Structure formats: structure tokens, C-alpha cells
Peer 1: 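One structure coming up, written as C-alpha cells, with questions to follow.
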Amino acid sequence: MTDQRFNPLSADSRWQKRWAETRVFEADDNSSRPRSYVLEMFPYPSGRIHIGHVRNYTMGDVLARFRRMTGHEVLHPMGWDAFGMPAENAAIEKGVHPSGWTHANIDAMKAQLKRLGFALDWSREFATCDAEYYGHEQALFLDMFEGGLVYRKESAVNWDPVDMTVLANEQVIDGKGWRSGAEVEKRKLSQWFLKITDFADELIEGLDGLDGWPEKVRMMQENWIGRSQGLTFRFQLDQPVGEFGDIEVFSTRPDTIFGASFCAIAADHPLALALAENDKALAEFADDCRKTGTAAADIETQEKKGYDTGLTVTHPLDPEWKLPVFVANFVLMDYGSGAVFGVPAHDQRDLDFARKYALPVTRVVAESGQDDSPIADEAYTGPGQIINSRFLDGMEVEAAKQAVIDRAETEGWGTGSTVYRLRDWGVSRQRYWGTPIPIIHCESCGAVPVPKDQLPVELPEDVSFDKPGNPLERHASWKHVDCPKCGAQALRETDTLDTFINSSWYFLRFASQPEDQPFDKDVLAKWLPVAQYIGGIEHAILHLLYARFWTRALKSLGKVDVAEPFACLFTQGMVTHETYSRSRGKGKGDTFYNPVEVKRDGDSAILIADGQPVEIGRVIKMSKTKKNVVDPDEIVDQYGADAVRFFMLSDSPPERDLPWSEAGIEGSWRFVQRLWRLFIAAANNDQAPDEADKDLQRKLHQTIAGVAEDIENLSFNKAVAKIFELVNQIEKSADSQDRNEAIRTLARIAAPMVPHLAEEAWALFEHEDLIANAPWPEVDESLLVEDEVTIAVQVRGKLRDTLVAAKGSDRETLEQLALASEKVQRTVDGAEIRKVIVVPDRLVNIVI
RNA sequence: GCGGACGUGGCGAAAUGGUAGACGCAGCAGACUUAAAAUCUGCUAUCCGAAACGGGUGUGCGGGUUCGAGUCCCGCCGUCCGCACCA
């Protein structure tokens, strides 16, 4: 006798074991089937899987399983983004070795993932902290080094005083470290850089081809790279200062060059620094600028301030025209050349500045060819015709830009140029738990790459974290080595690589992992690009830009053939939950409670422990600090993997946030049981009458087609709704062989979402093989079409009646049927019919 | 400030310019049961109406295009996200 209830406790692990033993989900590089590489962003091994991972991986899993069923050879791998600071923090706080901590976390999280029944190829698993992986990474770094894409420079870096490390610009948010939240300081250090700016144009232009990416992400990347085109030229200083005879400026508005009324340079500009040496007031002003420069959350309200240097420069188009030179707080040293010419009439900042320092304001662009009135409080930045500008007068803005650039280039005082917001990628980290940079510093030979046959440069195990800073610095036997070139005593580089490098090529290693090289180019060509990449929107810029850069860089070195690593990208929403809290009193903040500690009742909630009310807060992303988290293990214990998976896919569109609710997971659990009852009924029902149920057949085939389309579009919530509809109709339909057949097919339709239940059903239906190997059901196209359709009947666009007609009825027939309707006649009430609009198989609209 | 997305029942949401609210949750009523759970059946946008296989209204607000607008266009309001003195 079969259990009347589906028991995930025994079924889940049984099928998980079966999948592992039969190795069904291991991808075959040599398969002749069409390939599909489905990838979710690999997790950082923090210790526990969180519900966001479950949602992310469930989506990828449904697609991967579906693609397998539709005849694809699927690569669906998993691994660990295992380097990074939390491991070192744990080492410092708990005295455990980063490696031990990380591997324990990986073991725990892998067990959690396995319980969810994901169709993953575990044979390709690796962690980025494996010496084998980072050794190959070092080889790729050296390839880039030899290819001229790596350089070292002394530069002011963002120093996080809490984490004691350097941060990339992207890791500094509002002047604070992205992880520690500490105020970032500027420090001068020798750093390794990757020339991502060499690829700035490619990275922008490549976005055009990424049709499978969200428009939003493409735009964010484009803005991040921030390309602008304009004119670069040099202002000649009328009074040279030491070695400085001129000032290089950049402008995107060379057309307004005759509206210039001053030149402004950044406080950190070399000329400003030189002047400040003999000018105490200027030095103080520059200090002020630097202070507000980094701490500025209130940048917007900050007043435009300047310091008149007393110097003047000559206008490039008029030797008689002199412009004053200011040091200004709104000019940034790290953009363009750190100097600008100010055109107050057509730039708001310049206008504010000019008003403050009583500089001339000359309009040089006339709005719509007419308006040449003086500028008041608002700069004019729109299109128009150039005026007051000698040879440019009468030109449109765009033509004038080109005219000035042409003139500058002909006369040799300037060039058309492009500048980017994007900076080169500083990859050095003063950290232990990362990929060692494979370089040896020799006094006579300089920076010497470690010979490739000596890779990997492994992290030493015997390190201690009882002092702040990088333990590699203090590890004498690791640090002191002989120069590979001349044999003299030399020092190993003690910085490690930014962990974003680890995740910039892991998808290549998943696809091909030979021992002797990072990957095999020919095998990569079979799998890349990733057909569908799924992850969080928080990686829209950093990770995804770096991964695109690495792929392009490796292509330029001839290492790979693909330029763009991810053909389609999907960014899923967060899992959210309301918060429960009590105030601890004025100014003391709140105490938060976990949902399991709280009992909800209508609009209020109480703490189970003391029966007293707690405040119900906003529905926000699950986070440890707000305690509004649910533990995946606990809910899998309670409901089984399939109910959890099903809930992750239901209701909310996958790109939007999913509000977690107890009622929701209960509903999914009930549905799993409902399916199970159908499966049992069909399995024990050989005697069903052999009567055709055309309606049910049609619904079945519509569902097969509809669910397939929805899964392909990652519209899982719609696929779920269609499955519900089919189940509703099956339950209402009379006992028949058609009904049994529909139920058997339903097992395959639902298999990608609830795989354990589906395997159990498949066995119940006496199949020897796994449902994981079963094909997606064929659609009988002839069954998709309805014989009869419901036609809407409108009078003046308002619905008055509906009527049922044979599909494909001609216009005449429909019109006659509609006009014959009693309700229509009542509404028309003898009025003149001016027009009748007939949309076949859809509606009739009678216009009176 | 600039750029973008979004706004539909009590809630999550559906809807190639063609019957708004499919499907789920919650709720209400009932069946089964000694009882509970589980399960099953029906109802559930809103207003008027005893009810109607009656009517009105309705997709943030105001206009427009169209025989017909949740969907397209213009202008507001609100929410969220990204960038932010970028020359």
C-alpha cells in the first residue's frame, strides 16, 4: 500500500543519493547534443546558506533541469568564492586558521545545498582558495603581465583603517569602506594595476550586443565607465611657475570656448601643490578642499569656492584674451586632467562660481535661434545656435564642437579626445587570505615574474594573526627568496590579489579544468558563453564588469575565443520578510526578534516567550541584524525540499522581491501533497473508463507549451500558475484514461520544480529510469486550438454581452450574432448603428 | 541634480491595444468528523439593489490618440534603484 502522504524526509535523500550514484548531472564535454551552460553566481562560504541563495539556485536549477529534458547537454556547476576578509576576521577573533574555517564552512554549506536537490555537476566543484585554482590564476596574471596589461605604480589609495587594507574606488561608498563602514583615508603605496581602461571602449560597445542582459544593468555599466568626448588643450601660463608653463584642460563643450571666463584647477593639481609651497593661504584652502572632498555626503549643498592664484592664462584663440586661474573646490583631480575652463553661461557650477567671484558671464548659445537674453540664475545647457563666438557664430552646437576641435588640431594647440570615469583596477591587497601575486622584487632586476614552472606560489600555512596587518610581511622564510633571474637575494611580493579576480574567471575553469593549464581553449569553445547567468543585482557593476574585462583581456592574449562571457543575465529579487521589534527606550535603538519567536494574529503580533506585543515593521530584505531571517535547513526539515523550491518560484515575478510568509510555504506544502494524491490515484487506476476528454487533453497540451515557454523566459510564477490551472481542471474532470494520462504527464511538467516528488511519482508509474532522464512531453499542436471561442460584444467600447461561436467564424456571422443579442438591442435601443468593428475570434464592437 | 524602473482587490500578482483582476494567499459560509487536523464544495474589486444570466464605478492623478487604453503619447504625484561637483 502506497503512502497517502508524500514523505520528503525519506524521499528527498533517497533520490539525492540516486542522482549522485548515477552521476546524471555530470556534464559531458564530448556530447553531441546542443549545449547549455547554466550558471548561478557561486557563494562566499560564510558558514550558512541563506534564503536568497535558495531562491537563486532554485531558479537556475529549474532551467537546468528543463534544458536537460529538452535534449540539451547541460553544464550546471557549483563552487566556492573562498578567499576574502571574513576568514581572516575569524582567524583574528577566534584563533582559527582561515583555511580550516573556510573548509568547514564549505562542508556545511555543501550539505545544505545537497538537501535542496539541485541538479549540479559536483565533479567540477572547486574553491578559489585551492592552490590548484589560484596557481592557474597566477599563471593568467603573469600572461597579462607579459601582455602589458599589468603595471605597478605609486599611488594614493583608499586605505581602510579598520580592515587595514586598500580598497578599489568601487569599494568606497560615500567616503566609507564598503565592508567596514570606516572613514577611508588616503595613503601612498606601490600598487599593482590592471589596465581595464584599455578596454573601456570595448566594454561599452560590447554592451550593445548583450540583448540577453537587463537594460538596467547595461546602463549602469555604461554610466560607470562614463565615456565623454571633447577637446583637450593647453592653456599657456602668462607667468610660468617653475617647470609649469601651461595647464592641460579637458572640455566636452569646446563649442562654448568663447564663453570662457576663467580657468580652474583642482586642489591636488601639481600646479596648485607647487604654488601652495610658497602660499600659506592657498595651502590652507587646499586642505579644506581635501577634507570636504572625501567626507562629502553633502556634496550637493556644498558651496562653490575658489582661490585666486593671481596667475593668468591666454585664450587659445585670442592672444590678447587673458583668463584668471583659480584653485576651485569643485574640480576633481582624478577626472580628465584636473583642470577646466569655466563657461558660466552654460554650466551651472561655473555660473555659481562666476557670480561669487564677479567673473563675466557671456551667453554663447542662443536658445532656439532666437533667445539671446542675458543669463540669470540658471545656466543654459540645451541645444541652439552659437553667438558671440566669432567664426562659430550661427553654427549648431554639435557642428561648433567639431569646428573647434578641427581648428585646434590644424593649428596644433589641442586634440579631440575621450576621457573615462573608469579608472584602472588596483588589485593589490595587504592581506593574507588571497591569491599571492607571483612576483619577486630584486634590487637589480626589478619586478621579476615567478617562472611558471614554479607555480603555484602557495600561501604558507604557518602564520599567526595576533598582530594587525598582513602576516605574509612577517613570514621571513616565505618572504625572502632568491631572484629567479640573477640569483641574488630578493623579496617576494607580499600583497595578494583582490578577490574579485577570483570570480573574474571561475566560469571558465568550471567549463574546462585540465591539470597543466587554467583551461583548454577548445573545450571552452564548446561551452562558452554561459547561456544563462543568474545572480543578485548587487553585482551589476563590479563583478560583472571585471568578469567581462578578464574575458576580453584573455581574448586579446589569444587565450580564449569568446569576448563576452555571459550571453544572458538575470538578476533576481531579494527574499524579504517583515520585522518584529521592541524599542529599548529613547535613543537606545530596537531589539529585533526572529519570526519563529513571534506569533502573528491579525494585525498584531506577540512574542511567544512573554505573550506581550511586538511592533510589526516594514517588509525588508532578510538580514541578520534585523533578525527577519528564516533558516533554509529548518524549513527543509519541516516541509521538504520540493515545497521550499516551489514556494521560491511561486507568486512573485523572479526579478522582484519575494515576501516570505508562513502561509505561503504552507500553501506550497499543501500543493505538493495535492499532486501526490493525484499521482497515487492515477497509479492505482488501471480500470478507468476509456473515454476521451478533449477539454482536458487541450488543457494538458496548452500547459505543456505554456510552462515550457514560461521556464525559458524565467517567468516561473506564470509557469506555477499554469500548473495550478491544470491541476484544478484534472481534479474537476471525470475518471478516464485521458485523466490518468494527464496526471502521468503532469509529473514530467512539474519535475524541474519538484524533482523529488516527480521521481517518486515516476517510480510509482513503474518507470525503471529516472524522470531526470525523461524527455519534456511533446506538444500536440492540433490540440492547442480551441473549437469554440468566447466573443466579447461591446457597444461603444463597453462590454454588454458575450457569445460563443465556432472558431474562425467569419465577420458577417459574428456581426449578425452580436446584433441579434438581446442585451445589445436593449442598449442600442433603436439608435443608428454607425459602424461595426469585428475582430475575428475576439470581439465585436458596435458603434452608435 | 542627472539617469532608470515601477504604481492593478485585504496581500503576492495575471492580462500580443480587444471580456481587468487568471493563479495563489488570506477571509467568509458549508460538507465530512464524537472532536481536531487534513480534505472537499461555494463565495470573495467596489457602489446602488431583496435579487437579477441588473446597473454604475474602477488599473496613482489630469489630459490626449483610438471604434476600443492597465497597455501608446504628454504633464503631474508617489515609491524604489543607480550615479553624483565627471568639466
Side-chain angles (χ1 to χ4, degrees), chain A residues 4-5 174 214-217 219-224 226-228 230-231 249-254 256 264 266 292-293 296-297 299-304 328-332 334-343 346-350 352-353 381 419-422 537-538 540-541 602-603 619 647 650-653 655-659 661-668 670-671 673-674 677 715 717-728 731-732 790-803 822-823 826 834-839 841-848:
Chain A
Q4 288 302 303
R5 252 170 114 77
D174 291 337
E215 186 58 38
K216 178 191 170 81
V217 175
M219 196 158 333
M220 281 163 78
Q221 294 214 346
E222 194 176 336
N223 291 341
W224 188 263
R227 175 166 64 183
S228 18
L231 170 72
V249 297
F250 171 75
S251 172
T252 55
R253 294 295 304 273
T256 63
T292 47
I299 269 170
E300 180 155 350
T301 54
Q302 193 185 319
E303 198 185 348
K304 306 284 172 283
N329 67 346
F330 64 91
V331 180
L332 306 176
D334 60 1
Y335 186 77
S337 57
V340 299
F341 66 82
V343 183
H346 304 290
D347 182 295
Q348 193 59 45
R349 291 159 305 176
D350 295 346
D352 295 346
F353 191 80
T381 54
V419 305
Y420 303 89
R421 213 188 77 102
L422 183 72
I537 186 71
E538 65 273 23
I541 297 173
D603 289 340
V619 177
F647 178 64
S650 304
D651 292 353
S652 288
E655 69 278 9
R656 269 192 239 174
D657 289 351
L658 171 71
S661 77
E662 198 67 22
I665 181 70
E666 292 276 357
S668 294
R670 284 199 300 270
F671 185 69
Q673 296 300 343
R674 222 170 127 196
R677 284 193 296 275
S715 298
N717 58 322
K718 294 193 218 169
V720 164
K722 289 192 174 86
I723 291 174
F724 266 108
E725 285 188 49
L726 174 62
V727 167
N728 287 345
E731 286 178 344
K732 286 199 171 89
T790 307
I791 307 283
V793 182
Q794 299 177 333
V795 178
R796 289 179 60 185
K798 272 186 188 290
L799 184 74
R800 292 298 165 187
D801 200 2
T802 58
L803 54 90
E822 190 198 325
K823 289 176 204 164
R826 208 189 310 153
R834 298 206 322 232
K835 202 169 168 186
V836 178
I837 295 184
V838 181
V839 182
D841 294 338
R842 285 235 157 227
L843 64 61
V844 179
N845 188 11
I846 296 157
V847 187
I848 54 173

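None of the values given here were measured: they were computed from a predicted structure. Letters go in sequence order (proteins before strands), and every chain restarts at 1.
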Peer 1: Expressed as a whole number of angstroms, how long is the span from A:R421:CZ to B:rC85:C1'?
Peer 2: 13 Å
Peer 1: Rounded to whole Å, please give me the gap between CG in A:D347 and P in B:rC86.
Peer 2: 7 Å
Peer 1: What is the distance, to the nearest angstrom, from the CZ atom on A:R656 to the P atom on B:rA14?
Peer 2: 5 Å
Peer 1: If you measure from the P atom in B:rA35 to the same atom in B:rA22, how many Å do you get, rounded?
Peer 2: 35 Å
Peer 1: Choosing from B:rG12, B:rC86, B:rC23, which nucleotide comes nearest the side chain of A:S652?
Peer 2: B:rG12
Peer 1: Ignoring the backbone of A:K823, work out which of B:rC67, B:rC23, B:rC53 is nearest its side chain.
Peer 2: B:rC53
Peer 1: Write down the distance between CZ (A:R800) and P (B:rC67), rounded to a whole number of angstrom.
Peer 2: 19 Å
Peer 1: Any donor-acceptor pair under 3.5 Å joining the side chain of A:N845 to the base of B:rC67?
Peer 2: yes
Peer 1: Indicate, with a heavy-atom threshold strictly under 4.0 Å, whether A:K798 touches base, sugar-phosphate, or nothing.
Peer 2: sugar-phosphate
Peer 1: Mind checking if A:S661 touches a base, just sugar-phosphate, or nothing, with heavy atoms under 4.0 Å?
Peer 2: nothing
Peer 1: Using the side-chain heavy atoms of A:F330, tell me which of these nucleotides is nearest: B:rG24, B:rC85, B:rC86.
Peer 2: B:rC85
Peer 1: Heavy atoms only, 4.0 Å cut-off, all strands: where does A:F724 land among base, sugar-phosphate and nothing?
Peer 2: sugar-phosphate
Peer 1: Quickly work out the A:M220 CE to B:rC80 C1' distance and round it to whole Å.
Peer 2: 13 Å
Peer 1: Output the single nucleotide from B:rU16, B:rA87, B:rA14 whose closest atom is nearest the side chain of A:R842.
Peer 2: B:rU16
Peer 1: Hey, does A:V836 reach any base, or is it just sugar-phosphate, or nothing, if we go heavy atoms under 4.0 Å?
Peer 2: nothing
Peer 1: When rounded to the nearest 0.5 angstrom, what is the spacing between OG in A:S650 and CZ in A:F671?
Peer 2: 8.5 Å
Peer 1: Given side-chain contact (heavy atoms from CB on, under 4.5 Å), test A:V727 with A:R674 step by step and report yes or no.
Peer 2: CA-CA 9 Å; A:V727 167; A:R674 222 170 127 196; 3.9 Å; yes
Peer 1: Would you mind classifying the nucleic acid contact of A:S650 as base, sugar-phosphate or nothing, using non-hydrogen atoms under 4.0 angstrom?
Peer 2: nothing
Peer 1: Heavy atoms only: give me the nearest A:V419-A:G336 pair and the separation to one decimal.
Peer 2: CG1-CA, 4.3 Å
Peer 1: Send over the distance from A:L799 CG to B:rA20 P, rounded to a whole Å.
Peer 2: 5 Å
Peer 1: Of all the nucleotides listed (B:rG18, B:rU19, B:rC67), which has the minimum atom distance to the side chain of A:I837?
Peer 2: B:rC67
Peer 1: Using whole Å, report how far CD of A:E662 lies from P of B:rA26.
Peer 2: 11 Å
Peer 1: Round to the nearest Å and state the distance from A:I541 atom CD1 to B:rC81 atom P.
Peer 2: 14 Å
Peer 1: Of A:R674 and A:R253, whose closest RNA chain B nucleotide lies nearer the 5' terminus?
Peer 2: A:R674
Peer 1: What is the base-pairing partner of B:rG70, counting Watson-Crick and G-U wobble geometry with both distances under 3.5 Å?
Peer 2: none
Peer 1: In terms of the nearest nucleotide of RNA chain B, which residue is placed more toward the 5' end: A:K216 or A:Y420?
Peer 2: A:K216
Peer 1: When rounded to the nearest 0.5 angstrom, what is the spacing between NZ in A:K835 and CD1 in A:I846?
Peer 2: 13.5 Å
Peer 1: Need one value for A:N717: base, sugar-phosphate or nothing, where a base atom within 4.0 Å counts as base even if backbone is also close, heavy atoms only.
Peer 2: sugar-phosphate
Peer 1: What does A:D801 touch in the nucleic acid at a heavy-atom separation under 4.0 angstrom: a base, only the sugar-phosphate, or nothing?
Peer 2: nothing
Peer 1: Return yes if the base of B:rC23 and the side-chain atoms of A:K718 contain a donor-acceptor N/O pair under 3.5 Å, otherwise no.
Peer 2: no
